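Counting from 1, the numbers follow the sequence of the chain as shown. Predicted model only: the values in this text are computed from it and were never measured.
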Amino acid sequence: ALGHLPDGYPLGDGLVAQRQPALDAVAHLARQASMQPDDLARGVLRVAELNMARAVHRVTLQRGKDPRGYTLVPFGGAGGLHACGLADQLGIKAVRVPVHPGLLSAVGMLAAPPLSVATRSLHWTIPPGKSEPDLSGVLKSLANEALAGNAAGCSESWIDYEVAFRYAGQSHEMVFDVDEAVTTERGVSGFAAYFHCQHHARFGFSDPGRAVELVWARAWARGEALDVKATQAAELSKPSVPAQQNVIDRSALAPEERRHGPLTVTEYSATTLVHEGWTLTVEADGTLRLERDE
């Protein structure tokens, strides 16, 4: 309805974006809400981007990281449509759109190493100063289980371990990576002491006199990743997009070319929306760099 997707743009399986039915649907909702259609449509996008920003804050601000110091990397078919709007919400000044962004997850699945996981629920309570059960034996058993249940070529030399601890009575746990040699030496009580320190660092308090619960343990058996460079398509079929102002196919952009928003960049797997006040630059490897104008 706002024209971010070009009218007549192919969506796959014979479907095309049709603006007039979208305008009619938005106008119907706008009448119910006593709003102007454009205001309602922009409000829908703003709510969506606020939810995205909230999710980013959970992995940045809540962990002591300022998102303004980072570059946003959108992927997926619609990631680029929200990149500038989300960056504005977060105060981020730069966006980098990778080549074939809509295929990033698929390529990641292809390149990901084979993986087999074995998990065991334990719920061991370790009172301060008391004897402890044998965690190293559990980890060895889990490693054998992960290797036995795998048919994708995982190796004994690619095994990682995790354990989850919490204070007895808590409903959430903290997860730690484990090195088996260290675990054998330090035992559960050693990790309980480490848990107290990490709990204080993350939540601002700890209680060394309180019993700690080992909730579960996990073993990950991994294999070697594939080299996907030879399997990537050199050229993908491009959708036929009707000629429209401020709409350009990504393949028509040359290295080091600069364009100013507003602009819509179309391609096989995704669409990127460059807002007014943002500048697009094509990097040597084909990545699109979007930067907010000063």
* Would a hydrophobic clustering, with Ile, Leu, Val, Met, Phe, Trp and Tyr connected at side-chain separations under 4.5 Å, put Phe176 with Leu214? -> yes
* What's the shortest heavy-atom distance between Ala146 and Val117, and which atoms? -> CB-C, 4.5 Å
* **OG1 on Thr71 to CD on Glu291, rounded to 0.5 Å** => 8.5 Å
* **Donor-acceptor contact present, side-chain Asp13 to main-chain Leu15, <3.5 Å** => no
* Apply side-chain contact (heavy atoms from CB on, under 4.5 Å) to Glu213 and Ile126, showing your working. => CA-CA 6 Å; Glu213 183 181 11; Ile126 305 100; 6.0 Å; no
* To do: Grab the two heavy atoms, one from Glu173 and one from Ala164, that are nearest each other, plus how far apart they are.
  => CG-CB, 3.7 Å
* **Test side-chain contact (heavy atoms from CB on, under 4.5 Å) applied to Asp177 and Glu162, step by step** => CA-CA 5 Å; Asp177 295 329; Glu162 287 181 336; 3.7 Å; yes
* Does the side-chain contact (heavy atoms from CB on, under 4.5 Å) test come out yes or no for Ile248 and Thr264, once each step is laid out? -> CA-CA 6 Å; Ile248 188 169; Thr264 298; over 6 Å; no
* State whether the number of non-hydrogen atoms from other residues, nucleotides or ligands found under 6.0 Å of Arg202 atom CZ is greater than 12. => no
* Asked: Does the ring center of Phe205 lie less than 6.0 Å from the ring center of His199?
  -> yes
* Asked: Sub-3.5 Å donor-acceptor pair from the side chain of Arg19 to the main-chain atoms of Ala1, do we have one?
  -> yes
* Asked: Taking Glu145 for the side chain and Leu142 for the main chain, is one N or O donor matched with an acceptor at less than 3.5 Å?
  -> no
* Structure fact -> dist Leu90:CG -> Arg54:CZ (nearest 0.5 Å) comes out at 11.5 Å
* Asked: What's the shortest heavy-atom distance between Ala217 and Leu139, and which atoms?
  -> CB-CD2, 4.1 Å
* To do: Without swapping roles, check the side chain of Arg250 against the backbone of Ala270 for a donor-acceptor pair under 3.5 Å.
  => no
* By salt bridge (Lys or Arg N to Asp or Glu O under 4.0 Å), which residues pair with Arg96, not counting sequence neighbours? -> Glu283
* Answer yes if Leu2 and Val265 sit in the same cluster of Ile, Leu, Val, Met, Phe, Trp and Tyr residues linked by side chain heavy atoms under 4.5 Å apart, and no otherwise. => no
* Asked: Hey, is Arg292 close enough to Asp88 for a salt bridge, meaning N to O under 4.0 Å?
  -> yes
* Asked: Taking side chain as C-beta onward, heavy atoms only, is Leu147 less than 4.5 Å from Ile159?
  -> yes
* For the hydrophobic clusters of this structure (ILVMFWY residues joined by side-chain heavy atoms under 4.5 Å, transitively), does one cluster hold both Val73 and Tyr70? -> no
* To do: Of all the heavy-atom pairs spanning Glu267 and Asp249, show the shortest one and how long it is.
  => CA-OD2, 4.4 Å
* From His57, Arg58, Arg63, residue fulfilling side chain to side chain contact (heavy atoms under 4.5 Å, CB included) relative to Leu61 -> His57
* To do: Please tell me if the side chains of Met174 and Gln198 come closer than 4.5 Å, counting only heavy atoms from C-beta onward.
  => yes
* Answer yes if Leu263 and Val97 sit in the same cluster of Ile, Leu, Val, Met, Phe, Trp and Tyr residues linked by side chain heavy atoms under 4.5 Å apart, and no otherwise. => yes
* **Distance-only polar pair, side chains of Arg120 and Ser141, donor-acceptor under 3.5 Å** => yes
* Under 3.5 Å donor-acceptor, Thr272 side chain and Gly80 backbone -> no
* Taking atom CD of Gln20 as the centre, report whether more than 12 heavy atoms of other residues, nucleotides or ligands fall under 6.0 Å from it. => yes
* **Shortest non-hydrogen contact between Phe203 and His172, atoms and distance** => CZ-NE2, 4.1 Å
* How many angstroms lie between NE2 in His196 and OG in Ser206, if you round to the nearest 0.5 Å? -> 7.0 Å
* **Closest non-hydrogen atom pair, Pro74 against Pro98** => O-CD, 3.4 Å
* Asked: Linking I/L/V/M/F/W/Y whenever any side-chain heavy atoms sit under 4.5 Å apart, do Leu81 and Ile92 land together?
  -> no
Please tabulate, for the side chains in residues 34-50, all donor-acceptor contacts under 3.5 angstrom to protein atoms that are two or more places apart in sequence or on a different chain.
{"from": "Glu49", "atom 1": "OE2", "to": "His82", "atom 2": "ND1", "distance (Å)": "3.1"}

* Asked: Do His123 and Ser121 have a side chain donor and acceptor closer than 3.5 Å?
  -> yes
* To do: Could you walk me through whether Thr266 and Tyr9 pass the side-chain contact (heavy atoms from CB on, under 4.5 Å) test, one step at a time?
  => CA-CA 9 Å; Thr266 62; Tyr9 183 66; 3.6 Å; yes
* Asked: What do you reckon, are the aromatic ring centroids of Phe195 and Tyr167 less than 6.0 Å apart?
  -> yes
* Asked: Roughly how far, to the nearest 0.5 Å, is CG of Leu5 from CG of Leu273?
  -> 9.0 Å
* **From Asp293 atom CG to Lys93 atom NZ, the distance as rounded to the nearest 0.5 Å** => 12.0 Å
* Identify which one of Leu253, Thr279, Asn246 satisfies the side chain to side chain contact (heavy atoms under 4.5 Å, CB included) criterion when paired with Arg259. => Leu253
* **Atom pair OG1/CZ of Thr281 and Arg289 - distance to nearest 0.5 Å** => 4.5 Å
* Asked: Linking Ile, Leu, Val, Met, Phe, Trp and Tyr by side-chain heavy atoms under 4.5 Å, what else ends up with Phe75?
  -> Leu104
